Amino acid sequence: MSFNVMVDMKMPSYLQEIFRSDETVHMVFNEEKPMIKCEEIIESETIESPKCDEIDLTGNPLELDLKDNDLCDISVSMVSKMEPNWSPEENRHYPIDLNSARKCLNTVNMNYDCNEDHKLEPVVYCICDGKNQQKILVLGTNPKTFTRTRVLFTGCFLQTENIISINHMIEKHYLNCDYKTKVNTNIKALYSVVGWKIAEHNWQKSKNSCSALIEGTWNEKMYEPLGVNSASLIMQVIVGHEKSPLNVNWEQLKLLNHFKCILEENNDLEEEMVSCDPSDLMDILSSITEMTMEMQQFRKKSSNKDKKENHELSLVREKDFLDKLWDNLVVCKDVGTLKICFKNIFEEFANNTFIKLKVLKDNDTSIATILLGLLEGKLAVPNISCAEALQMLVELGSEKLKNDYLHLISSAQHSNVSKEIAKKWMEFNDRQDSKMRMTTANPKGMVSRITKMTLHKDTYHKNIPNLTKKLNYLSNLHLIAEFLYVAKACNLPDQTSDIIKSVHEKYLHTKSSTLESLLDCGLRECRVNLHRISSSLFVKDKIIYWNMRLESEFGNSKTVTIFHHTRNPVFPTAIFDDYDIVTASKDDDLVYVVEAIIDIN
């Protein structure tokens, strides 16, 4: 049995940046760590057709692969400061020896039938062990286009040196071509603005909560460009990361989702836990009494004179009565205790007519309606069920979070997006099935009528879909807030409006994310096209990768040479970890260089 496998898969991350592609390809590698030499090629392959006489694209014994590598002057090995880009699965792509790889690709070329309808492009890459003069790590072929590919390890260099001169790389390209003709050049590079790139495979282990990167392309044959053809800001955030400035808000949003799940799944709620670290009931009631006696205003409208116009990002806002009420009720031990607290609040408001509270017109929560009705003497103290008490707590927390995000977003943006958020929230609060039912009573000895307020039976069940929409909307507001913090850290004042506009379009104007999807995967990315970008951002000490593509055509032939420089080892250690060690300081930044050669005949 052969230990080689051929897998149809998205191009591995360690090849994507080199080739600037994420197409689906056929990968050949060893399944098991012992590098057992395989004499026979896989018998059952994805590409399988009758033999025909085709040109042997890989050579026999592939003489072009055996040229001397004249670029490897200095090699160093140190632990990279950045996190690995490859996944655990990719680190199990064990290599095969070079001769087995050649035989595999030769067989693929011979068996390819150009008249057969193939679902995938017949691109095959064999992972090699680099134990040869040129340190070949990948051999590839595409029999449909008569393409041969080689990827070689060139060396590991100190960042403080010139690495490899541009002219040297151009001369190497001419050697690969075997002829001199016009060379078309394109350079694509990724630079750090805030932190380093967070790998999709390892985001849960990342030490940083966010990153901001600038990706640029240019045609000048230069390491550091005078100008760029295009540039993009790539912002990454990890929602729920302990270092995030919004982690407290995220934990509150998760708690609201937990309460929603309790409402969905349970009928007997009295003993359902509210807090894992509860406060004593008497302490909670005492705190609520103090709040009412202080006559805090409910939702006090700020005047135009109080509004700041400096657009400084701010999460801190003055707490009002509802915010403090949430802080007190969320530490109840269970839903039964919560119900007692709500009853106490209602009685306090019914008996203390001197309390004066104001609410905004857009506050359509049940608790706001009840408290105002009690203060105005229009309502009797309602009897609520445990389910209704928990639903009111979720309403209270949702309103609090909405106002937190609205305050932060309004402090950062330069448009009137806050009105759009408020309008959307009003749509959620326009609940036809959850409207309160009011009945009137005229007790003996009383002239004025008192309205008794109750909820429709099973109101909380009917309101679950609407509550889900609210929480999903809050999750999008949370993402906007996370990206606004990253945008502020980028310190790109000329680009601020474009950045904010792109973030709003992605997470406010479209249904781009749900709370459930964020709970599954907290890594999110937002790309913004930049204008008027300064070339000062494209500096050597901030480089993550630098990729130069040289392309020449001669007749029907084309040769492409790619030089790929990175701050991290490109290939997983399972494939290649054979770096020569020389003296280097721990503070020295290293650059790993690989060369890819693509011949198309």
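Position 1 is the first residue of the sequence, and the numbers go up from there. Note that the structure is a prediction, hence the values are computed from the model and not measured.
V151 is not listed as a side-chain neighbour of Y14, based on a closest heavy-atom distance of 4.5 Å or more. Side-chain contact between K131 and D97 is absent, with no heavy-atom pair separated by less than 4.5 Å. Contact check for N257 versus L253: no side-chain heavy atoms found under the 4.5 Å cut-off. Looking at heavy atoms from C-beta onward, L550 lies in side-chain contact with F563 at the 4.5 angstrom threshold. For the pair I598 and I600, the minimum side-chain heavy-atom distance is below 4.5 Å. Two residues are said to be in side-chain contact when any heavy atoms from C-beta on lie closer than 4.5 Å; K188 and Y545 meet this criterion. Here the side chains of I166 and M222 are not in contact, with every heavy-atom distance at 4.5 Å or above. Here the side chains of H565 and F157 are not in contact, with every heavy-atom distance at 4.5 Å or above.
Side-chain atoms of N142 come within 3.5 Å of backbone N or O of K144 as a donor-acceptor pair. The main-chain N or O of G240 is never found under 3.5 Å from a side-chain atom of S244 such that the two would form a donor-acceptor pair. Distance alone, capped at 3.5 Å, places no donor-acceptor pair between the N208 side chain and the C210 backbone. Not one N or O on the side chain of K558 forms a donor-acceptor pair closer than 3.5 Å with the backbone of N601. Remark: the backbone N or O of G140 is not paired with any side-chain donor or acceptor of R148 at under 3.5 angstrom. Judged by distance alone, the side chain of N476 and the main-chain N or O of N472 form a donor-acceptor pair under 3.5 Å. A distance-only check finds no donor-acceptor pair linking the side chain of S206 to the backbone of W203 [under 3.5 Å].
Of the residues I187, T217, I18, V560, the one that meets the side-chain contact (heavy atoms from CB on, under 4.5 Å) test with R549 is V560. The only member of L15, D577, N91 that meets side-chain contact (heavy atoms from CB on, under 4.5 Å) when paired with F571 is L15. Here the options are E482, E200, E525, R524, the test is side-chain contact (heavy atoms from CB on, under 4.5 Å), and the partner is Q236; only E525 passes. Test W86, F576, F29 against H93 for ring-ring contact (aromatic ring centres under 6.0 Å, His included) and you get one pass: F29.
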Note to self: Show, in sequence, the C-alpha distance, side-chain angles and deciding distance for F483 and V528, and conclude whether the side-chain contact (heavy atoms from CB on, under 4.5 Å) test is met.
What the structure shows: CA-CA 11 Å; F483 281 116; V528 182; over 6 Å; no
Next item on the list: Would you please test Q252 and L256 for side-chain contact (heavy atoms from CB on, under 4.5 Å) and show each step?
Entry: CA-CA 6 Å; Q252 291 176 357; L256 292 177; 5.7 Å; no
Note to self: salt bridge (Lys or Arg N to Asp or Glu O under 4.0 Å) for R150 and E595? Distances and angles first, verdict last.
What the structure shows: CA-CA 8 Å; R150 291 163 287 157; E595 175 187 355; over 6 Å; no
Check: After noting the C-alpha distance and the side-chain angles of T141 and N109, does the key distance pass the side chain to side chain donor-acceptor pair (under 3.5 Å) rule?
Finding: CA-CA 8 Å; T141 187; N109 292 331; 2.8 Å; yes
Margin query: Let's go through H564 and V593 carefully: what are the C-alpha distance in whole Å and the side-chain angles of both, what is the deciding distance for side-chain contact (heavy atoms from CB on, under 4.5 Å) to 0.1 Å, and is it a yes or a no?
Written below: CA-CA 6 Å; H564 189 68; V593 182; over 6 Å; no
Checklist line | Verdict with supporting geometry, T559 and E551, side-chain contact (heavy atoms from CB on, under 4.5 Å) | finding: CA-CA 6 Å; T559 299; E551 186 175 311; over 6 Å; no
Next item on the list: Determine, stepwise, if the pair H241 / S209 fulfils side chain to side chain donor-acceptor pair (under 3.5 Å).
Entry: CA-CA 5 Å; H241 196 283; S209 64; 4.8 Å; no
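For the residue pair E31 and Y94, the shortest heavy atom distance occurs at O-CD1, 3.8 Å. Between S100 and I96, the shortest heavy-atom contact is C-CD1, 4.2 Å. The minimum heavy-atom distance between C526 and V503, with the atom names listed, is SG-CG2, 4.0 Å. The two atoms that bring P95 and A574 nearest to each other are CD-O, 3.3 Å, heavy atoms only. Between V486 and S211, the shortest heavy-atom distance links the atoms CG1-O, 3.7 Å. Nearest heavy-atom pair, S232 versus N529, reported as atom, atom and distance to 0.1 Å: OG-OD1, 3.4 Å.
Pairs of residues two or more places apart, or lying in two chains, never qualify as salt bridge (charged side-chain N to carboxylate O under 4.0 Å, His left out) while including a residue from residues 216-240.
Residue-environment remark: CG (D520) exceeds the threshold of 12 foreign heavy atoms within 6.0 Å.
Put simply, OG on S192 and CG on L213 are 6.5 Å apart, with the number rounded to the nearest 0.5 Å. Annotation: the span from T149 atom OG1 to L139 atom CG amounts to 9.0 Å, rounded to 0.5 Å. Taking CZ of R527 as the reference point, atom CG of L233 lies at 9.5 Å (rounded to 0.5 Å). Separation of atoms CD1 (I562) and CD1 (I597) is listed at 10.0 Å; rounding is to 0.5 Å. Once rounded to the nearest 0.5 Å, the distance linking CG of N30 with CD1 of I575 reads 11.0 Å. C276 contributes atom SG, which lies 9.0 Å from atom CG of L255 (distance to the nearest 0.5 angstrom).
Salt-bridge check for E17 with K197: passed, with a basic side-chain N closer than 4.0 Å to an acidic carboxylate O. Ion pairing of E553 with K182 is absent here, as no side-chain N (NZ or NE/NH1/NH2) approaches a carboxylate O to less than 4.0 Å. Under the 4.0 Å criterion applied to side-chain N and carboxylate O atoms, R92 and E90 are not assigned as salt-bridge partners.
Ring centers of H26 and Y125: at least 6.0 Å apart, outside the cut-off.
At a cut-off of 3.5 Å, with distance as the only test, a side-chain donor of T561 or N176 sits close to an acceptor on the other residue. Side-chain atoms of S552 and H173 form a donor-acceptor pair, as typed in the model, at a separation below 3.5 Å.
Every residue meeting the side chain to side chain contact (heavy atoms under 4.5 Å, CB included) condition with A189, not counting sequence neighbours, appears here in chain and number order: Y191, W218, W546.
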